[in-house]
Amino acid sequence: YGWDDTWALLRHEYVLDSTKSVAAAILYVAAGSSDTGRQYVAKVWSNGSVVGYASVRSGTGTAYQAFDITSTLEESNVLAALCWATAGQVFLAQLEITYTDGSRMTVASGDHWKGHRQTGLLPARGSVSGGVYSAPLEYWDLRHEPLGWTRPGFDDSGWTNGPAQLG
């Protein structure tokens, strides 16, 4: 298996309205994968903290998961995801921020996100399989990790615009 080519790093930076206080921030994530992959297909971070995993547990191949990320927010923020899929590579995210004055802000995935394949970061080191599915081990070679990619301020200028262009 050439697992290394099936992983992608995605990220998007955004800024909150500094004149308002946040009441709640709920992140909705869906990710698609091939029929054989029944593990999570995206690990999601908010400002460097893992906030959850998007899996493919529904019969249609995608399912939304919701995560309360209110406690992770800062003035400048980043949503980041490590995605795995062998086919049908889909990642959707929508963050709904509600301010204490009742106003709202939406941060959604799209071609303004940045994407990158990091050769060597997740080399093939075996797989997990239970007869019905097969998935790579998440074996990180941290010598190849773009240091700070899950935090605000990371230089992603060399990354591709729009995660859809990675597939």
Side-chain angles (χ1 to χ4, degrees), residues 1-16 25-58 60-67 69 72-74 76-97 105-125 127 134-167:
Y1 291 106
W3 297 118
D4 199 52
D5 190 44
T6 59
W7 296 94
L9 308 177
L10 309 176
R11 67 187 313 275
H12 175 64
E13 292 201 35
Y14 62 99
V15 178
L16 297 176
I26 307 299
L27 175 64
Y28 301 93
V29 178
S33 178
S34 63
D35 289 340
T36 60
R38 292 294 184 216
Q39 70 163 21
Y40 77 87
V41 294
K43 179 188 280 188
V44 183
W45 287 261
S46 175
N47 295 324
S49 297
V50 174
V51 294
Y53 301 87
S55 64
V56 288
R57 300 291 182 204
S58 75
T60 61
T62 59
Y64 276 96
Q65 279 77 42
F67 309 107
I69 68 165
T72 69
L73 296 183
E74 303 168 3
S76 293
N77 299 277
V78 68
L79 293 173
L82 168 68
C83 300
W84 173 80
T86 58
Q89 298 164 327
V90 176
F91 176 80
L92 300 170
Q94 183 167 315
L95 173 59
E96 292 295 335
I97 299 166
M105 174 179 158
T106 300
V107 177
S109 55
D111 59 7
H112 54 283
W113 280 54
K114 296 286 193 126
H116 186 67
R117 293 208 189 275
Q118 183 66 36
T119 303
L121 176 61
L122 290 142
R125 288 289 190 264
S127 66
S134 178
L137 294 175
E138 187 184 314
Y139 178 88
W140 290 68
D141 184 340
L142 297 179
R143 296 173 297 175
H144 300 284
E145 182 177 18
L147 191 58
W149 72 278
T150 65
R151 298 280 312 152
F154 174 79
D155 180 9
D156 59 12
S157 59
W159 289 32
T160 304
N161 279 350
Q165 296 175 16
L166 291 174

- Check the angle between the aromatic planes of H12 and H112 and answer parallel, tilted or perpendicular using the 30° and 60° thresholds.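 Geometry flag for H112 against H12: perpendicular rings.
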
- Message: Ring-plane angle category for H116 and W159, please: parallel below 30°, perpendicular beyond 60°, tilted otherwise.
- Response: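 Parallel, since the angle between the ring planes stays under 30°.
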
- Message: With side-chain hydrogen bond (donor to acceptor under 3.5 Å, both in side chains) as the criterion, how do N77 and N47 come out once you've worked through the C-alpha distance, each side chain's angles and the decisive distance to 0.1 Å?
- Response: CA-CA 6 Å; N77 299 277; N47 295 324; 2.7 Å; yes

- side-chain contact (heavy atoms from CB on, under 4.5 Å) between L27 and S46, worked out: CA-CA 10 Å; L27 175 64; S46 175; 5.9 Å; no

- Message: Could you work out, with ring-ring contact (aromatic ring centres under 6.0 Å, His included) as the rule, every residue matching F67, not counting sequence neighbours?
- Response: none

- Determine, step by step, whether L92 and V29 satisfy the side-chain contact (heavy atoms from CB on, under 4.5 Å) criterion, reporting the C-alpha distance in whole Å, the side-chain angles of both residues, the deciding distance to 0.1 Å, and the verdict. CA-CA 6 Å; L92 300 170; V29 178; over 6 Å; no

Donor-acceptor pair, side chain of [X] and main chain of [Y], under 3.5 angstrom:
| X | Y | answer |
| --- | --- | --- |
| R11 | P152 | no |
| W113 | A80 | no |
| E13 | S76 | no |

- Message: Name the residue from W149, Y53, F154 that meets the ring pair (Phe, Tyr, Trp, His ring centres under 6.0 Å) definition with W45.
- Response: W149

- Separation of Y28 OH from T106 OG1 (nearest 0.5 Å): 10.0 Å

- Report the distance from atom CG of L9 to atom CG of L82, rounding to the nearest 0.5 Å. 6.0 Å

- Message: Evaluate L79 against I69 for side-chain contact (heavy atoms from CB on, under 4.5 Å), listing each step before the verdict.
- Response: CA-CA 10 Å; L79 293 173; I69 68 165; 4.0 Å; yes

- Worked check of side-chain contact (heavy atoms from CB on, under 4.5 Å) between N161 and D111: CA-CA 6 Å; N161 279 350; D111 59 7; 5.7 Å; no

